[in-house]
Amino acid sequence: MNISVFLGAPGSGKGTQAKKLAQSYGYVHFSTGDMLRAAIQAGSEVGLQAKGFIDRGDLVPDGVMISIIESALAGLSKDARVLLDGFPRTVPQAQALDSKNHTAVTRALFFKIPEPILITRLTGRRTCRKCGESFHVIFLPPKTQGICDRCGGELFQRTDDMEEVVVRRLEVFKGQNERLMDYFRNRRCLFEVDADRPVDEVQGSLLRMLS
Ligand code: AP5
């Protein structure tokens, strides 16, 4: 399997890019955040376990996350090209992927962006309830306010995009990120992309790195 992982702070654009690459270039995309939100909506056991952590802006325990991603990858063919968005977030999660030959990480792409921009991006984000597409009230507004351009679904603000939770998520990210970057640096598979540019420019850089 060819597995690329998207690393970066909340709001750095990982989900926006991964969705576009999956729609246009045939990548299989897994967003652990989307999977957890779907589990919460379905009222499943995983959802019940995860909800408190997400609402506080904390990480869901590694054991839960590793088993979610292992089950998702288990159903794929050997020649699948996979984008993982939001996983791994800790060194034990990265080690779990690398511990099996067929799920070892091919490349890790880090979305580099100045912190002040992240708060504006996250607090202005609106997400489609139906298809998960992400918009922004200023940077990427929908054609009709409150309605998804892609599927016509209703747009809403994620509860963890409130400013106080955003601040906690950024702290949690900073607590893990250096160790995770060092892990992939030592594996010699880390690339950095300047994520503080228009969506299409970032995508062009990612496509070059992925090829
Ligand atoms: P998750 O949903 O993964 O949140 P995140 O990593 O914090 O990432 P975001 O979705 O907030 O940001 P993004 O980088 O995808 O940005 P986006 O493209 O949307 O996780 C949520 C929670 O689940 C976590 O806090 C944790 O509790 C739990 N969790 C998930 N995975 C876990 C794991 N592996 N281990 C433990 N816990 C886990 O863009 C943001 C905004 O900016 C949007 O409005 C977008 O339209 C706009 N935008 C994007 N790109 C651009 C651009 N180039 N220019 C201008 N605006 C842009």
Side-chain angles (χ1 to χ4, degrees), residues 1-42 44 46-47 50 54 59-60 62-111 125 127-135 140 148-151 153 158 180 183-184 187-193 195 199-211:
M1 231 179 275
N2 182 314
I3 298 190
S4 300
V5 298
F6 283 3
L7 311 178
S12 55
K14 306 179 298 293
T16 300
Q17 294 295 339
K19 285 186 180 91
K20 284 185 180 298
L21 290 166
Q23 282 158 18
S24 306
Y25 298 95
Y27 288 93
V28 181
H29 167 215
F30 292 113
S31 153
T32 42
D34 287 349
M35 291 159 111
L36 291 170
R37 283 182 288 278
I40 292 171
Q41 207 162 5
S44 71
V46 168
I54 294 181
L59 293 182
V60 175
D62 285 336
V64 176
M65 298 314 303
I66 290 167
S67 97
I68 290 178
I69 217 73
E70 280 179 353
S71 313
L73 294 175
L76 297 179
S77 73
K78 283 192 182 125
D79 53 3
R81 293 177 306 144
V82 181
L83 298 179
L84 296 184
D85 145 26
F87 188 99
R89 269 175 151 91
T90 64
V91 171
Q93 292 181 12
Q95 286 168 332
L97 280 177
D98 280 344
S99 67
K100 297 187 182 103
N101 268 343
H102 66 290
T103 62
V105 172
T106 310
R107 58 181 81 70
L109 307 182
F110 176 70
F111 286 50
R125 172 166 53 189
T127 306
C128 176
R129 231 178 251 295
K130 220 160 134 191
C131 73
E133 189 83 359
S134 183
F135 296 87
L140 295 168
C148 175
D149 290 352
R150 193 163 155 235
C151 76
R158 276 170 45 178
L180 195 56
Y183 177 87
F184 286 115
R187 283 265 274 93
R188 296 178 186 280
C189 66
L190 180 69
F191 299 81
E192 288 191 14
V193 60
V199 171
D200 290 348
E201 282 185 32
V202 177
Q203 190 168 139
S205 301
L206 289 172
L207 280 169
R208 282 191 290 280
M209 290 171 187
L210 288 167
S211 64

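In what follows, every heavy atom counts, from backbone to side chain, and hydrogens, waters and symmetry copies are set aside.
A pairwise comparison of heavy atoms in Val28 and Ala80 identifies CG2-CB, 4.5 Å as the closest pair. For Gly8 against Phe110, the heavy-atom pair with the smallest separation is CA-CE1, 3.8 Å. Taking both residues in full, the closest heavy atoms of Ile69 and Thr32 are given as CD1-CG2, 3.7 Å, listed atom of the first, atom of the second, then distance. The two atoms that bring Ser205 and Val193 nearest to each other are CB-CG2, 3.7 Å, heavy atoms only. Ser77 approaches Met1 most closely through the heavy-atom pair O-CG, 3.9 Å. What you find for Val60 and Ala50 is that their closest heavy atoms are CG2-CB, 3.9 Å.
The shortest side-chain heavy-atom distance between Tyr183 and Leu190 does not fall under the 4.5 Å cut-off. In this structure the side chain of Leu59 reaches within 4.5 angstrom of the side chain of Thr90, judged on heavy atoms. Counting heavy atoms from C-beta on, the side chains of Leu109 and Leu7 never come closer than 4.5 Å. The closest side-chain heavy-atom distance from His29 to Gln23 is not below 4.5 Å. A 4.5 Å side-chain heavy-atom check between Tyr25 and Gln203 finds at least one atom pair inside the cut-off. Side-chain contact between Phe30 and Ile68 is absent, with no heavy atoms from C-beta onward closer than 4.5 Å. Phe135 has its side chain within reach of Cys148: a pair of non-hydrogen atoms, C-beta onward, lies under 4.5 Å apart. Under the 4.5 Å side-chain criterion, counting only non-hydrogen atoms from C-beta, Thr106 is not in contact with Cys189.
Aromatic pair Phe6/Phe111: ring centres closer than 6.0 Å.
Expressed to the nearest 0.5 Å, how far CG of Leu210 lies from OG of Ser4 amounts to 5.0 Å. The line from CD1 of Ile66 to OG of Ser99 is 8.5 Å long, rounded to the nearest 0.5 Å. Atom CD in Glu133 sits 8.5 Å away from atom SG in Cys151 (nearest 0.5 Å).
Residues Arg158 and Thr127 bring no donor and acceptor atom of their side chains to less than 3.5 Å of each other.
Judged by distance alone, with hydrogens and angles left aside, the side-chain atoms of Lys14 form a donor-acceptor pair with the main-chain N or O of Ala9 at under 3.5 Å. A donor-acceptor contact shorter than 3.5 Å links the side chain of Thr103 to the backbone of Leu97. Judged purely by atom type and a 3.5 angstrom limit, Gln17 has no side-chain atom pairing as donor or acceptor with the backbone of Leu206. With Gln93 contributing its side chain and Arg89 its backbone, the two residues share a donor-acceptor pair below 3.5 Å. The backbone N or O of Asp98 lies less than 3.5 Å from no partner atom in the side chain of Arg187, so there is not a single donor-acceptor pair. In this structure a side-chain-to-backbone donor-acceptor pair under 3.5 Å is missing from Ser24 to Leu21. Remark: side-chain polar atoms of Arg107 are not paired, donor with acceptor, to backbone N or O of Ile3 under 3.5 angstrom.
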Q.
Before you tell me yes or no, could you show the steps for Lys130 and Arg150 under side-chain contact (heavy atoms from CB on, under 4.5 Å), namely the whole-Å CA-CA distance, both residues' side-chain angles and the distance that decides it to 0.1 Å?
A. CA-CA 10 Å; Lys130 220 160 134 191; Arg150 193 163 155 235; over 6 Å; no

Q: Go through the steps to decide whether Leu36 and Val46 satisfy the test side-chain contact (heavy atoms from CB on, under 4.5 Å), and finish with yes or no.
A: CA-CA 8 Å; Leu36 291 170; Val46 168; 4.2 Å; yes

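In this view, Phe87 satisfies the ring pair (Phe, Tyr, Trp, His ring centres under 6.0 Å) rule with no residue, not counting sequence neighbours.
A salt bridge between Lys19 and Asp34 is present, with a side-chain N of the basic residue lying under 4.0 Å from a carboxylate O of the acidic one.
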